[in-house]
Amino acid sequence: MLKLSNAIGVQVQNALERAFPEATTTALANGKALNPQLAPASKPEFGDFQVNGALQLAKQLKQSPRHIALAIVEQLKTDEAFLSLCNSPEIAGPGFINLSLKNECLETEIKKQLKDERLGVPLTSQGKDKPIVVDFSSPNIAKEMHVGHLRSTIIGDSIARILEFRGYSVLRLNHVGDWGTQFGMLISHLKRVAPSALTTANAIDLGDLVNFYRQAKQRFDNDVEFQDASRQEVLKLQNGDSEALKAWHLLCDQSRKDFNQIYKRLDIRLTERGESFYNPFLKNVIDDLDNSGLLITDEGAKCVLLNGISSKEGKPLPMIIQKRDGGFNYATTDLAAIRYRFSESPKGDGAQRLIYITDAGQANHFTGVFQIAKRAKWIPKGGHVEHVPFGLVQGEDGKKLKTRSGETIRLRDLLDEAVGRAEKDLRGRLKEEGRKETENFIKHVSNTVGIAAVKYADLSQNRVTNYQFSFDRMLALQGNTAPYLLYALVRIAGIARKGGDLKAATEKLEFNEHQEFSLIKELLRFDEVIVEVEEELLPNRLCTYLFELSQVFNRFYDQVPVLKANEPSRSCRLALCRLTAKTLKLGMDLLGIPTLERM
RNA sequence: GCGCCUGUAGCUCAGCGGAUUAGAGCAUCUGACUACGGAUCAGAGGGUCGGGAGUUCGAAUCUCUCCAGGCGCGCCA
């Protein structure tokens with residue numbers, strides 16, 4: 001309905017300008033056009049659109065809002081094109097104009113939508129050649145993925161999917177923590193307790209590695225001699241020592257295998273490009289900053305002083321780019337990454353926009369890094385950098401999510417539990433209903449429902465707030481949950497199985513019931529929702545839409561017969577079922593959530 | 001102390017500067033199964049939108065201020 005609302009927007013604008021020609025000229029001379037403020041109706045009883053502008057224009061035009069509204073309506077009534085789309089406009093309250101679409105217009109629109117594979121969502125017209133980088137997930141080598149990575153991974157994937165669907169070229173980058181002091185520590189510890197792990201592939205699994213990591217960290221914090229040894233290992237690694245490199249590769253491979261299992265389960269595509277990738281560019285970052293006069297030395301460390309951000313003492317906060325010992329830190333890597341991503345190929349990605357999906361706690365860090373990149377002139381004209389923050393994952397007690405013993409929950413275990421609970425629930429239901437299904441079916445459905453529930457629960461919440469994790473709530477069969485949405489699709493599939501030809505002819509469409517029109521209006525909103533989600537980078541808006549669509553469909557399904565209806569209603573209703581299924585499937589796909597025919 | 005984020009129904013959350021009724025879901029209560037899967041649908045009760053001030057014709061929404069909570073704050077990432 002995007003095109004339609006644009007068309008009506010133009011018609012209303014023209015009507016306003018015809019009604020008040022002098023004011024229009026004056027306004028244009030001041031560089032501001034009169035704005036009729038066309039918006040979707042705030043409530044269904046107000047129709048489909050409302051014009052709010054009359055109230056604001058009252059002062060400017062020195063007339064009462066109702067009078068202005070009346071003048072606009074008079075003009076609209078002379079517009080043939082407008083009258084072919086909308087019923088006669090109505091003035092309400094202090095001066096709102098309510099517009100409602102004609103049924104014939106809705107029928108024409110829905111007919112178009114039925115034929116459109118993209119369901120009305122336009123392909124982007126610009127910047128297809130320049131990629132958008134979506135930086136998400138980013139686990140650390142030698143550590144297991146935990147709930148902290150869940151949100152970044154799920155939200156990042158969905159945002160990437162939506163941008164891809166809009167026609168952008170998207171670079172999904174996994175900025176894994178594969179470099180830095182922790183490797184010196186880990187290699188030096190393993191050399192002492194498990195030397196075979198550093199030379200033999202698969203000698204130890206990641207679970208062991210995580211334990212080794214903990215031991216190494218503990219030792220590092222308490223043992224000065226060990227710290228020195230670790231630093232030596234880091235230097236060796238950075239200088240390309242073959243033994244150190246081999247050890248590093250083995251550690252990375254081991255971790256990668258584990259990450260990939262998770263990504264496979266979650267159906268996530270990512271290009272791994274870890275911190276180590278930027279290693280060759282770090283020195284240039286320092287030199288560049290030095291040349292542009294941004295770099296200062298403070299307490300032996302090379303820093304850039306941030307504008308407008310002060311430290312505890314009230315002085316400008318320095319951001320350390322090179323440590324006293326000459327080592328680089330994450331700010332250095334992030335700056336190198338920004339520079340590389342914006343640089344033209346082949347020395348970079350030639351990106352138009354960088355999107356970082358990380359927890360809100362890193363907001364200050366990114367503010368600083370972005371500011372430095374801007375001052376160093378690494379962000380080209382038309383280039384954008386954006387931090388897309390999200391809140392903490394909390395348990396039902398409102399505290400940071402942990403196991404009972406207080407440990408971090410592994411992502412693997414969390415997914416297992418979701419799937420396990422879905423399976424238990426399904427088996428119980430099958431028994432209750434006396435249904436018999438194959439083991440394959442049970443496994444497939446439980447897996448799909450479990451993963452869908454985890455993803456949907458996360459995505460359906462506004463990402464900036466903390467997110468309270470609850471298996472019971474996400475797996476609930478009623479309410480705004482994945483199972484509820486999946487069930488709507490299963491009902492449609494059921495109609496098809498019972499002999500409903502969803503591809504029935506749709507040349508002549510005719511609707512009479514209000515439930516049909518509610519469903520049609522909901523279906524036509526899809527394109528606007530997608531475009532809005534793309535602008536705001538808020539996938540929960542898409543979730544809200546899909547939930548509302550499911551509700552409207554369930555009402556339709558409950559109150560209007562499809563298969564038992566007489567023609568032509570039967571075919572017309574089947575067409576609505578088909579479009580509902582397509583919309584739900586596409587919407588879920590853009591969230592990265594798989595769907596089912598039966599459950 | 002400074003910075004960022006959050007505060008909306010008993011609970012979990014939506015909410016795009018607009019209509020003298022601020023929306024969902026869960027939970028609670030009342031209804032509807034010889035129609036396509038009742039994993040559903042129809043309805044009811046429940047809110048001084050953290051407090052105060054300001055801008056505006058109009059504020060949950062914008063500004064300021066206070067209160068409460070979370071997270072972060074120079075050589076980890």
Side-chain angles (χ1 to χ4, degrees), chain A residues 37 39-40 42-43 45-46 50 52 55-56 58-59 65 92-96 98 138 140 175 177 179-182 217 275 298-303 308-314 317-325 327-331 333-334 358-365 367 389 391-392 394 396 398-400 425-426 429 433 435 457 460-462 464-468 470 472-473 476-481 483-484 486-488 490-500 532 536 540-541 543-544 547-548 551 554-555 557-565 573-574 577 598-599:
Chain A
Q37 298 189 23
S42 59
K43 288 183 184 179
E45 52 268 39
F46 303 149
Q50 59 189 51
N52 300 327
L55 293 101
Q56 202 174 41
K59 214 175 206 177
F96 297 95
N98 292 335
S138 310
N140 290 314
H175 192 76
W179 205 250
T181 35
Q182 76 268 26
K217 178 87 173 84
E275 293 170 348
D298 190 45
E299 294 177 34
K302 292 188 174 157
C303 321
I309 303 173
S310 39
S311 67
K312 285 174 195 169
E313 297 81 38
L317 187 75
M319 181 164 249
I320 293 176
I321 312 296
Q322 187 168 24
K323 297 187 283 187
R324 194 169 21 203
D325 66 3
F328 303 109
N329 62 10
Y330 74 131
T333 311
D334 279 348
T358 80
D359 66 283
Q362 296 192 49
N364 292 337
H365 165 70
T367 307
L392 288 178
Q394 299 174 318
E396 287 182 79
K399 291 184 186 151
K400 200 170 170 180
D425 183 77
L426 177 63
R429 190 175 308 279
E433 294 170 6
R435 275 168 68 189
S460 61
Q461 210 130 127
N462 187 321
V464 300
T465 54
N466 289 346
Y467 156 50
Q468 200 173 78
S470 160
D472 286 333
R473 277 204 296 269
L477 308 165
Q478 49 278 105
N480 188 4
T481 65
Y484 179 88
L486 291 172
Y487 183 62
V490 164
R491 286 180 132 183
I492 300 174
I495 290 179
R497 274 195 303 277
K498 287 271 165 75
E532 183 192 309
E536 314 274 334
N540 66 303
R541 299 263 169 91
C543 294
T544 302
F547 174 57
E548 283 167 0
Q551 279 185 313
N554 275 331
R555 245 165 255 154
Y557 179 95
D558 194 62
Q559 295 161 17
V560 180
V562 176
L563 291 177
K564 295 199 172 165
R573 289 173 188 171
L574 281 168
C577 290
R598 294 200 303 128
M599 64 194 282

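Naming: A, B, ... by sequence-line order, numbering from 1 per chain. Below, each value reflects all heavy atoms present in this structure, side chains not excepted, and no hydrogens, waters or symmetry copies.
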Atom pairs under 3.5 Å: protein N/O with N/O of nucleotides 30-32 of chain B:
none

Check nucleotides 55-63 of chain B against the protein and report each pair of N or O atoms closer than 3.5 Å, with its distance, or say if there are none.
{"from": "B:C57", "atom 1": "OP1", "to": "A:K59", "atom 2": "NZ", "distance (Å)": "2.4"}

Review item, nucleotides 11-13 of chain B N/O atoms under 3.5 Å of protein N/O:
{"from": "B:C13", "atom 1": "OP1", "to": "A:Q461", "atom 2": "OE1", "distance (Å)": "2.8"}

Report all interatomic pairs (protein N or O, nucleotide N or O of nucleotides 74-77 of chain B) with separations under 3.5 Å.
{"from": "B:G74", "atom 1": "O6", "to": "A:D298", "atom 2": "OD2", "distance (Å)": "3.4"}
{"from": "B:C75", "atom 1": "O2", "to": "A:R324", "atom 2": "N", "distance (Å)": "2.7"}
{"from": "B:C75", "atom 1": "N4", "to": "A:E299", "atom 2": "O", "distance (Å)": "2.9"}
{"from": "B:C76", "atom 1": "OP2", "to": "A:K323", "atom 2": "NZ", "distance (Å)": "3.1"}
{"from": "B:A77", "atom 1": "OP2", "to": "A:Y330", "atom 2": "N", "distance (Å)": "3.3"}
{"from": "B:A77", "atom 1": "O3'", "to": "A:E275", "atom 2": "OE1", "distance (Å)": "3.2"}
{"from": "B:A77", "atom 1": "O3'", "to": "A:E275", "atom 2": "OE2", "distance (Å)": "2.2"}
{"from": "B:A77", "atom 1": "N6", "to": "A:Y330", "atom 2": "OH", "distance (Å)": "2.3"}

Table of protein N/O atoms under 3.5 Å from nucleotides 42-46 of chain B N/O atoms:
{"from": "B:A42", "atom 1": "OP1", "to": "A:R555", "atom 2": "NE", "distance (Å)": "2.6"}

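Applying the 4.0 Å criterion to OP1 and OP2 of B:U40, one finds that A:Q478 has a side-chain N or O inside that range. Note on A:Y484: a side-chain N or O is less than 4.0 Å away from OP1 or OP2 of B:C41. Between A:K400 and B:C71 there is no side-chain N or O to OP1 or OP2 distance below 4.0 Å. Remark: A:N540 is in phosphate contact with B:G15, judged by side-chain N or O atoms under 4.0 Å from OP1 or OP2.
With sequence neighbours left out, the salt bridge (Lys or Arg N to Asp or Glu O under 4.0 Å) criterion links A:R598 to A:E437. The salt bridge (Lys or Arg N to Asp or Glu O under 4.0 Å) search around A:R497 returns none, not counting sequence neighbours. With sequence neighbours excluded, the residues forming a salt bridge (Lys or Arg N to Asp or Glu O under 4.0 Å) with A:E433 are A:R435, listed by chain and number. Annotation: side-chain hydrogen bond (donor to acceptor under 3.5 Å, both in side chains) contacts of A:N140 (sequence neighbours excluded): none. Not counting sequence neighbours, A:F46 has no partner by the ring pair (Phe, Tyr, Trp, His ring centres under 6.0 Å) test. With sequence neighbours excluded, no residue satisfies salt bridge (Lys or Arg N to Asp or Glu O under 4.0 Å) with A:R555.
B:C67 and B:G52 have their C1' atoms separated by 10 Å, given to the nearest Å. A gap of 30 Å separates the P atoms of B:G17 and B:C2, to the nearest Å. Remark: the separation of the P atoms in B:G70 and B:G38 is 46 Å, to the nearest Å. Using C1' as the reference atom, B:G74 and B:C26 are 47 Å apart when rounded to the nearest Å. For the P atom pair drawn from B:G23 and B:C16, the interatomic distance equals 14 Å after rounding to whole Å. Comparing the same atom, P, in B:U55 and in B:A22 gives a spacing of 25 Å after rounding to whole Å. B:C71 and B:U65 are spaced 24 Å apart, taking the P atom of each and rounding to whole Å. To the nearest whole angstrom, the two P atoms, one in B:C62 and one in B:A68, are 23 Å apart.
Counting any heavy atom pair closer than 4.0 Å across all strands shown, A:V464 reaches sugar-phosphate atoms only and no base atom. Residue A:R541 is in sugar-phosphate contact alone, with no base atom involved, counting any heavy-atom pair closer than 4.0 Å across all strands shown. Counting any heavy atom pair closer than 4.0 Å across all strands shown, A:P483 reaches no nucleic acid atom. Using a 4.0 Å heavy-atom criterion, one finds that A:L563 contacts the bases of the nucleic acid, with or without backbone contacts as well. The residue A:Q551 sits close only to the backbone: its heavy atoms come under 4.0 Å of sugar-phosphate atoms, none of a base. Heavy atoms of A:F46 sit under 4.0 angstrom from at least one base atom. Within the nucleic acid shown, A:L392 comes within 4.0 Å of sugar-phosphate atoms alone, with no base atom in reach, counting heavy atoms only. Looking at heavy-atom distances under 4.0 Å, A:R573 makes no contact with the nucleic acid at all. Counting any heavy atom pair closer than 4.0 Å across all strands shown, A:A92 reaches a base atom.
Using a 4.5 Å cut-off on side-chain heavy atoms (C-beta onward), A:L477 and A:R429 make contact.
Between the OH atom of A:Y557 and the P atom of B:C33 there is a distance of 17 Å, given to the nearest Å. Atom-to-atom, CZ of A:R491 to P of B:A39 comes out at 8 Å; the value is rounded to the nearest Å.
Stacking between A:F96 and B:G18 is absent: the ring centroid is not both under 5.5 Å from the six-membered base ring centre and under 30° in plane angle.
For A:A457 against A:Y467, the heavy-atom pair with the smallest separation is CB-OH, 3.4 Å. Listed here is the closest heavy atom pair of A:F328 and A:I321: CD2-O, 3.9 Å.
Residues A:Q50 and A:I495 both approach RNA chain B. Their nearest nucleotides, taken by heavy-atom distance, put A:Q50 toward the 5′ side. Of the two residues near RNA chain B, A:E45 and A:E532, the one whose nearest nucleotide lies more 5' is A:E532.
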Dot-bracket encoding of pairs in RNA chain B, which uses [ ] for pseudoknotted crossings and | for another strand, Watson-Crick or G-U under 3.5 angstrom: (((((((..((((.........)))).(((((.......))))).....(((((.......))))))))))))....

